[in-house]
Amino acid sequence: MKDKILLVDGHSILNRAFYGLPDLTNAEGLHTNAIYGFLTMLFKVMDEEKPDYLTVAFDVSAKTFRHEMFKEYKGTRKPMADELREQVPIMKEVLTAMGITIIEKEGLEADDILGTLSVKCESQDFDVVILSGDRDLLQLATKRVKIRIPKTSKGKTEVYTYYDEDVVAQYHVTPDEFIDVKALMGDSSDNIPGVPSIGEKTATKIIVEYKSIENAYAHIEELKPPRAANALKEHYDLATLSKELATIEKNGDFPFELSEAKLENIFTKEAYEWFQKLEFKNLFSKFEEEDKENSHDINLKVVEDKKKALEIFDAAKKVPLVGFALKENYGISLCYNEQTYVILGDYKDEVEKLFSSPTQIGAFQIKDISKELVIHTSSNLFDGIIAAYLMNPLKNDYTYKDVAREQLNLMLDEMEPQKDLGYEAYTAFHSQPILEANLKQSNMYELFTNLEMPLVLTLDRMEKAGVMVDAKELEEYGNELQKSISLLETDIYKEAGEEFNINSPKQLGVVLFENLGLPHGKKTKTGYSTAADVLEKLAKEFPIVDKILEYRQLTKLKSTYADGLAHFIGTDGRIHGKFHQTITATGRLSSTEPNLQNIPIRMELGRRIRKVFKAKEDYVFVDADYSQIELRILAVLSKDENLIKAYQDQSDIHRITASNVFNVPFDEVTPLQRRNAKAVNFGIVYGISSFGLSQDLSITRKEAETYIENYFKTYPGIKKFLDTQVEQAKENGYVTTLYHRRRPVPELSSSNYMQRSFGERVAMNAPIQGTAADIMKMAMNQVSDELEKQNLKSKLVLQVHDELLIETHKDEVQKVKEILVNHMEKVVDLSVPLEIDIHVGENWYEAK
DNA sequence: ATGGTCACG
DNA sequence: ACGTACGTGACCATT
């Protein structure tokens, strides 16, 4: 086997990765997508090529660099995106940390470095592979030098391979001739002028026939077409200059020690530290072998002796902090005083006593733990996952291993269960002080202690309670839907003239817009859009579209709700859904298995599903929802006098807004005006844009702009508040709620207009939505605690963002109503009153 | 796994 | 010249 060297065109691969991948940032707000893409590309090609040597070439001067970066950009010369610029030096550091040599030389472009190296290495009997995103490099291909060019289509990246013969096959010219083709046709983005009026077609034709520009000139009189011949004659200077520019230097002068490019282990400790910092979790597995060498052992004792176990528990109750972990049906682990114990067997009572002691318990996913035992108080609990979530709510989800890595710099692999349990307790113990300090520094320790940790137990109670669902009625409802679905199906097939899968947007698009020739609206990436708002425009004119919309509605109800909910009804006749505390970016809860926060209500047919959510015998549902909580919070946060006054006066807020915005007397506001004002109020909360509002109200953008302008004139404090949020987000990188919850907004530093606008809307919306979530969580804790404290039979069973549902014993209805009013309305004291609406009913349908 | 669609606040 | 209202989760078809 000959030795093989891989030469990488650094900037072109980085550039491709940057524009090919969605924006990624790490916790510090550093953009990382180009580096990530570069590395995955590099690993992929290294895997395929298995090179013995590797080196990466970069352009050195800012000028050539920029010029390289925007080859892709059809000659536009915007400055390099800041998000990319900041990644370049880091990329180089990462490569250096991996022990990979970087070559850059003043005055030489990366192309020239690669050209020179490829010739040099080939002459030393190497196989050469050049990885670049730039097709210009094809001129370097030979029988021993292959060019590899990544191409992304349909989300998949393939790396194409070109030896010299592949260039001939695809471009009809040899790699050398490829230079001349390029010189003739020119490349505006690459500053190669080319010969005017000669494009790719003509250029190729000329070079196929005459092999070079020089030879073409030698035969200029016979050259066809005449137009090209004339152009060549006229622009001889341009042609020779272009050729010079298009030719990659193969004799560059720069120092290069082949031995330094020899590949050793690139997954070094230093590289690992960079990967951590950049949060390239997917790539950690590459370091596995290093992990084992580096993983530091902990003092771990496995205890099976009962007497010894009890001693350990006793001691644990006397220390200030214990790290705790539990694995169902297996054992528990305790960590304190630099010692970790894994205790096998059933010690539920001992654990409960420990949890009731003054010792602080550090652990992860305490809600899961509390499914296995009874936890009476949250005052000594510290859930590291929740702490980590508060510090960065944008992360998908945390495991204890993420906390170990981020806070303790401890890389953990897959381990056997015993060890895993021990490391979890170890991590809980050692990360607690760090996380606590972080929370305090971010002004979120109170939010954590007074709101989030108590909520763990509140949610646990709610999940354990579950909600009763009548399986039989649900099935009947499903059958009824199925009947209508079948009828619609036949109708639709008849009108379409064929049978097809109506649920496939792809097939439906073909049937509607090609076979039936209906006018199509917007398109999606994959084809015609068949979204409801598009179809609704056609429904009036084409009956089949109306039927399809109805079909969609019914199948949605059937599959997601009728059939979907049935799967989750337990043996107790109740659904015990999960409520998640660490998912959303704004601080709201989320609900899964099933999602109980999106049960239909807006349409009557769907709303009927709520009839199967029933209170058990001798109980009723008491449902309380906040009235316009987000708008009230907007009044509070913005301190806008007019909005505050409107709420203090208990006015009809949408009507008063309409009166002000449309400049009509309060009593003469038309229903349409009120509806429009309501939409504006909503829009404000979402971070209004004239486009969004115009879509929502089916008005022109101009009109929407006028509405917004008038709105801000009416409520000047709101305008100021929203602007301040964006400003703060830009300055700090995050916005906060009234109770200090943070939402980072990395999008604001994007150079992409869309992303930046999104960041602005997020900055406006998150404090409002987040503060509402904070208040609701406080209220939930108080309501749940009060029900317990008064020893009531009634239980909190659902939360839907601004609504609480209490399964209430018939004798307790009055008490529960009082509790709801007292704790939901008075949970915080703000400059506007909070109000709730309360309804009582046998089922959820009646109680709303 | 991803995108389209649609249910909720 | 672009293409959006904010926050979620489930299902289906398609890759």
Side-chain angles (χ1 to χ4, degrees), chain A residues 22 76 78 153-156 393 500-509 522-535 548-549 551-565 567-568 577-580 583-603 605-607 609-610 625-626 628-630 634 679-680 682-697 701 704 708 743 745 747 752-770 772-773 776 798-803 848:
Chain A
T76 52
K78 346 181 197 183
S153 69
K154 291 175 195 165
K156 270 191 180 168
F500 64 101
N501 187 343
I502 308 168
N503 275 325
S504 160
K506 200 175 157 193
Q507 293 182 35
L508 179 62
K522 60 187 170 187
K523 285 198 165 184
T524 62
K525 281 174 210 161
T526 46
Y528 307 101
S529 169
T530 65
D533 60 326
V534 175
L535 296 191
I548 287 163
L549 284 168
Y551 175 90
R552 278 241 181 98
Q553 201 189 9
L554 297 188
T555 51
K556 173 95 181 182
L557 291 174
K558 175 84 162 76
S559 64
T560 305
Y561 299 104
D563 299 346
L565 288 175
H567 295 146
F568 293 100
K578 293 179 175 165
F579 287 87
H580 304 274
I583 299 292
T584 70
T586 53
R588 276 188 175 181
L589 298 179
S590 94
S591 159
T592 64
E593 297 174 68
N595 183 352
L596 295 170
Q597 292 181 321
N598 72 345
I599 304 300
I601 190 165
R602 295 174 191 170
M603 309 288 282
L605 182 64
R607 191 174 192 153
I609 290 187
R610 295 183 172 228
D625 69 291
Y626 279 113
Q628 298 171 347
I629 185 165
E630 293 191 343
L634 176 62
V680 180
F682 265 98
I684 294 290
V685 171
Y686 292 156
I688 199 149
S689 75
S690 56
F691 182 88
L693 184 65
S694 70
Q695 285 293 298
D696 192 53
L697 289 179
R701 228 176 130 152
I708 295 169
R743 154 103 200 225
V745 195
E747 296 88 352
N752 177 314
Y753 173 79
M754 278 302 299
Q755 295 235 11
R756 217 171 41 244
S757 308
F758 174 73
E760 287 170 3
R761 294 195 294 271
V762 160
M764 297 187 252
N765 169 266
I768 303 169
Q769 192 182 120
M776 178 50 115
L798 293 179
Q799 186 254 40
V800 191
H801 310 307
D802 64 354
E803 168 190 4
K848 271 241 85 177

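Each chain gets a letter, A, B and so on, in the order its sequence line appears, and its residues count up from 1.
Between R761(A) and the phosphate of dG7(C), there is no side-chain N or O to OP1/OP2 separation shorter than 4.0 Å. The shortest distance between the side-chain N/O atoms of N501(A) and the OP1/OP2 oxygens of dA13(C) is below 4.0 Å.
dA7(B) and dC2(C) have their P atoms separated by 31 Å, with the value rounded to a whole Å. Remark: the separation of the C1' atoms in dC6(B) and dA1(C) is 31 Å, to the nearest Å. Comparing the C1' positions of dC8(B) and dG3(C) gives an interatomic distance of 25 Å, to the nearest angstrom.
Comparing dC6(C), dT14(C), dC8(B) against the side chain of N598(A) picks out dC8(B) as the nearest. The side chain of Y753(A) lies closest to dG3(C), out of dG3(C), dG7(C), dG9(B). Of the candidate nucleotides dG3(C), dC8(B), dC6(C), dC8(B) has the atom nearest to the side chain of I601(A). Nearest to the side-chain atoms of R588(A) among the listed nucleotides dG7(C), dA10(C), dC8(B) stands dG7(C). For P600(A), whose side chain is taken as the heavy atoms from C-beta onward, the closest listed nucleotide among dA10(C), dG7(C), dC8(B) is dC8(B). Listed nucleotides dG9(C), dT14(C), dG3(C) differ in distance to S504(A); the shortest reach to its side chain belongs to dT14(C). Across dT14(C), dA5(C), dG7(C), the shortest atom-to-atom separation from the side chain of I688(A) is found for dA5(C). The side chain of T592(A) approaches dA10(C) more closely than any other nucleotide in the set dC6(C), dT4(C), dA10(C). Here dT8(C) is the nucleotide among dT4(C), dG9(B), dT8(C) with the atom lying nearest to any side-chain atom of S590(A). Which of dG7(C), dT14(C), dC12(C) sits closest to the side chain of N503(A) comes down to dC12(C).
Interatomic distance, R701(A) CZ to S694(A) OG, rounded to the nearest 0.5 Å: 7.0 Å. Interatomic distance, CE of M764(A) versus CG of L634(A), reported as 11.5 Å (0.5 Å rounding). In this structure, CG in L549(A) is found 9.0 Å from OG1 in T530(A), a value given to the nearest 0.5 Å.
Scanning atom types as modelled, one donor and one acceptor separated by under 3.5 angstrom connect the side chain of R602(A) and the base of dG9(B). A donor and an acceptor atom never sit less than 3.5 Å apart when one is taken from the side chain of T584(A) and the other from the base of dT8(C).
Using a 4.5 Å heavy-atom cutoff, the side chains of R552(A) and L535(A) are in contact. Here the side chains of I599(A) and V800(A) are not in contact, with every heavy-atom distance at 4.5 Å or above. Annotation: side chain of I502(A) is not in contact with side chain of T555(A) (no heavy-atom distance under 4.5 Å). Contact annotation: the side chain of L508(A) never approaches that of Y528(A) to less than 4.5 Å [non-hydrogen atoms, C-beta and beyond].
Nucleic acid contact for A585(A): sugar-phosphate only, since backbone atoms but no base atoms lie under 4.0 Å from a heavy atom of the residue. Residue V685(A) is out of contact with every strand shown, counting any heavy-atom pair closer than 4.0 Å. In this structure, E593(A) reaches the sugar-phosphate backbone alone: every heavy-atom distance under 4.0 Å involves primed, P, OP1 or OP2 atoms, never a base. I583(A) comes within 4.0 angstrom of sugar-phosphate atoms only, judged by non-hydrogen atoms across all strands, and of no base.
Qualifying side-chain hydrogen bond (donor to acceptor under 3.5 Å, both in side chains) partners for Y626(A), counting only residues two or more places apart in sequence or in other chains: none. For E803(A), the salt bridge (charged side-chain N to carboxylate O under 4.0 Å, His left out) test picks out K848(A), with sequence neighbours left out.
Across residues 528-535 of chain A, not one residue has a non-hydrogen atom less than 4.0 Å from an atom of DNA chain C. Within residues 552-563 of chain A, the residues approached by DNA chain C to less than 4.0 Å at the level of any non-hydrogen atom are K556(A), S559(A), T560(A), in residue-number order.
Rounded to whole Å, atom P of dC11(C) lies 9 Å from atom CG of L565(A). Between H801(A) atom NE2 and dA7(B) atom C1' the separation is 11 Å, expressed in whole Å. Atom CZ in F500(A) sits roughly 13 Å away from atom P in dA13(C) (whole-Å rounding). Between the CZ atom of R756(A) and the P atom of dT4(C) there is a distance of 16 Å, rounded to whole Å. Atom P of nucleotide dC6(C) and atom CE of M764(A) are separated by 10 Å, given to the nearest angstrom. Here the P atom of nucleotide dC11(C) and the CZ atom of F568(A) are 6 Å apart, to the nearest Å. Rounded to an integer number of Å, the gap from CD of E630(A) to P of dC8(B) is 17 Å.
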Check against side chain to side chain contact (heavy atoms under 4.5 Å, CB included), L693(A) and Y686(A): CA-CA 10 Å; L693(A) 184 65; Y686(A) 292 156; over 6 Å; no

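Under a cut-off of 6.0 angstrom, the local environment of CZ in F500(A) is crowded, with over 12 non-hydrogen atoms contributed by other residues, nucleotides or ligands.
Put simply, F691(A) rests on the base of dT4(C): the two rings are less than 5.5 Å apart at their centres and nearly parallel, under 30°.
In DNA chain C, stems built from 3 or more consecutive Watson-Crick or G-U wobble pairs, each with both distances under 3.5 Å, span B:1-9 with C:6-14.
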Kindly list each side-chain donor-acceptor pair under 3.5 angstrom involving residues 583-595 of chain A, sequence neighbours excluded, with atom names and distances?
{"residue": "T584(A)", "atom": "OG1", "partner": "G587(A)", "partner atom": "N", "Å": "3.1"}
{"residue": "T584(A)", "atom": "OG1", "partner": "R588(A)", "partner atom": "N", "Å": "2.9"}
{"residue": "T584(A)", "atom": "OG1", "partner": "R588(A)", "partner atom": "O", "Å": "2.7"}
{"residue": "T586(A)", "atom": "OG1", "partner": "Q769(A)", "partner atom": "OE1", "Å": "2.8"}
{"residue": "S591(A)", "atom": "OG", "partner": "P594(A)", "partner atom": "O", "Å": "3.4"}
{"residue": "S591(A)", "atom": "OG", "partner": "L596(A)", "partner atom": "N", "Å": "2.7"}
{"residue": "T592(A)", "atom": "OG1", "partner": "H580(A)", "partner atom": "NE2", "Å": "2.6"}
{"residue": "E593(A)", "atom": "OE2", "partner": "K578(A)", "partner atom": "NZ", "Å": "3.3"}
{"residue": "N595(A)", "atom": "OD1", "partner": "Q597(A)", "partner atom": "N", "Å": "2.8"}

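Taking for each of F758(A) and Q507(A) the nucleotide of DNA chain C with the nearest heavy atom, the 5'-most of the two is the partner of F758(A).
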